[in-house]
Amino acid sequence: MKSSEALILEFRAGNKNALDILLNRFKPVVKAKAKAYYVLGGDPEDLIQEGMVGLYKAVLDFAPEKNNNFGAFASLCIVRQIQTAIKTASRQKHMPLNDSISLDTEESEGSYMEKLPDSRTNDPEALFISREALRDTQDFIRRSLSPLERDVLALYLDGKTHAEIAASVGRNLKSVDNTLQRARKKLGKLQAPQ
């Protein structure tokens, strides 16, 4: 088994599989660190995701000449990222994001997509309303979201992980997360049909 330090060097040389191996290798560490924290009204998965961001930052920032043990450095980065997320979540400035609507069609309540009329109906009026609502939604997205936000949102809705999205769009995890949050905020202004 290759050392974490060797995998980091391979990743920096362009081997994307090395990053996947590192992320999978340290995911149990991330989960263990995240279990030690709690966010009021938050989802434990959010803390795991933040820990994974910290792990990714550790991979990017690790300097073998300064640190000889990636595991210790990664643990520190993971904990700091989780703590920063908790401090940020406790601030009131992100309240609009917490109240935004979801585009996830699998959620049972409050989903924008569920409120759209069913396009499989034989009712011409419902079909027309459905098409009109879809066209309005597409127009809103085209007008409101930047090309990067549209790309990131499309990949997210396709079920891609933040790491996969980052690799696809050529950005880092933090940039992808920020872009997704901006898109969600903008989409929160979209009014669902009654």
Side-chain angles (χ1 to χ4, degrees), residues 1-39 42-64 66-67 69-89 94 97-98 100 102-107 141 145-188:
M1 178 166 54
K2 292 183 182 176
S3 71
S4 299
E5 294 79 10
L7 288 169
I8 289 170
L9 294 175
E10 284 184 24
F11 169 66
R12 290 180 181 167
N15 181 355
K16 303 264 188 232
N17 290 333
L19 176 63
D20 291 337
I21 293 168
L22 274 169
L23 294 178
N24 287 327
R25 182 180 290 177
F26 281 88
K27 191 165 189 171
V29 173
V30 170
K31 287 181 177 181
K33 298 288 183 190
K35 275 185 183 179
Y37 295 93
Y38 174 77
V39 176
D43 185 359
E45 285 297 316
D46 291 340
L47 292 179
I48 293 172
Q49 186 67 34
E50 286 295 332
M52 293 302 287
V53 170
L55 175 58
Y56 182 73
K57 287 180 178 179
V59 171
L60 295 179
D61 296 340
F62 182 71
K66 292 182 182 176
N67 309 336
N69 184 343
F70 176 74
F73 180 73
S75 290
L76 181 65
C77 291
I78 291 165
V79 168
R80 284 186 179 164
Q81 184 68 33
I82 290 171
Q83 289 172 343
T84 300
I86 291 169
K87 287 177 189 172
T88 303
H94 292 294
L97 295 177
N98 297 335
S100 63
S102 171
L103 292 177
D104 188 353
T105 57
E106 295 178 10
E107 287 188 15
I141 289 172
L145 301 184
S146 70
L148 177 62
E149 290 167 344
R150 286 193 302 264
D151 291 345
V152 168
L153 181 63
L155 291 167
Y156 176 76
L157 292 175
D158 282 341
K160 303 292 185 200
T161 66
H162 281 61
E164 290 169 333
I165 295 170
S168 283
V169 298
R171 301 290 176 106
N172 64 39
L173 282 174
K174 185 66 175 171
S175 174
V176 166
D177 187 55
N178 288 341
T179 302
L180 194 53
Q181 295 301 328
R182 280 194 312 274
R184 284 179 179 162
K185 184 176 182 180
K186 290 176 183 179
L187 291 172

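All values reported here derive from a predicted model rather than from experimental measurement.
In this structure, the side chain of N172 engages the main chain of K174 through a donor-acceptor pair within 3.5 Å. Between the side chain of E149 and the main chain of S146, a donor-acceptor pair closer than 3.5 Å is present. The main-chain N or O of P64 is never found under 3.5 Å from a side-chain atom of E5 such that the two would form a donor-acceptor pair. Under a 3.5 Å cut-off, the side chain of R150 and the backbone N or O of L145 do form a donor-acceptor pair.
The cationic group of R184 lies under 6.0 Å from the six-membered ring centre of Y156 and within 45° of the ring axis, placing it in a cation-pi geometry.
Atom CZ of F62 sits about 14.5 Å away from atom CZ of F11, to the nearest 0.5 Å. Atom CG of residue L76 and atom CD of residue Q81 lie 11.5 Å apart, to the nearest 0.5 angstrom. Atom NZ in K33 sits 4.5 Å away from atom OG in S75 (nearest 0.5 Å). Atom CZ of R12 sits about 12.0 Å away from atom CG of L7, to the nearest 0.5 Å. How far CG of N15 is from CG of L9: 11.5 Å, rounded to the nearest 0.5 Å. Here the OG-CG distance, from S175 to L148, works out to 6.0 Å after rounding to the nearest 0.5 Å.
Side chains of R25 and S4: a donor-acceptor N/O pair is present below 3.5 angstrom, by distance only.
Checked against T179 for a side-chain contact (heavy atoms from CB on, under 4.5 Å), the options I165, V169, V152 give a single hit: V152. Screening L173, L23, L22 for a side-chain contact (heavy atoms from CB on, under 4.5 Å) involving L55 leaves a single residue, L23.
Listed here is the closest heavy atom pair of G54 and C77: O-CB, 3.5 Å. Across every non-hydrogen atom of A34 and I48, the tightest pair is CB-CG1, 3.8 Å. Looking at every heavy atom in both residues, N24 comes nearest to P28 through O-CD, 3.6 Å. The shortest non-hydrogen separation linking A85 to E50 is CB-CG, 3.4 Å.
Here the side chains of M52 and H162 are not in contact, with every heavy-atom distance at 4.5 Å or above. Side-chain contact between R80 and K57: absent, with no pair of heavy atoms (C-beta onward) separated by less than 4.5 Å. Side chains of D177 and V53 form no contact here, defined as non-hydrogen atoms less than 4.5 Å apart.
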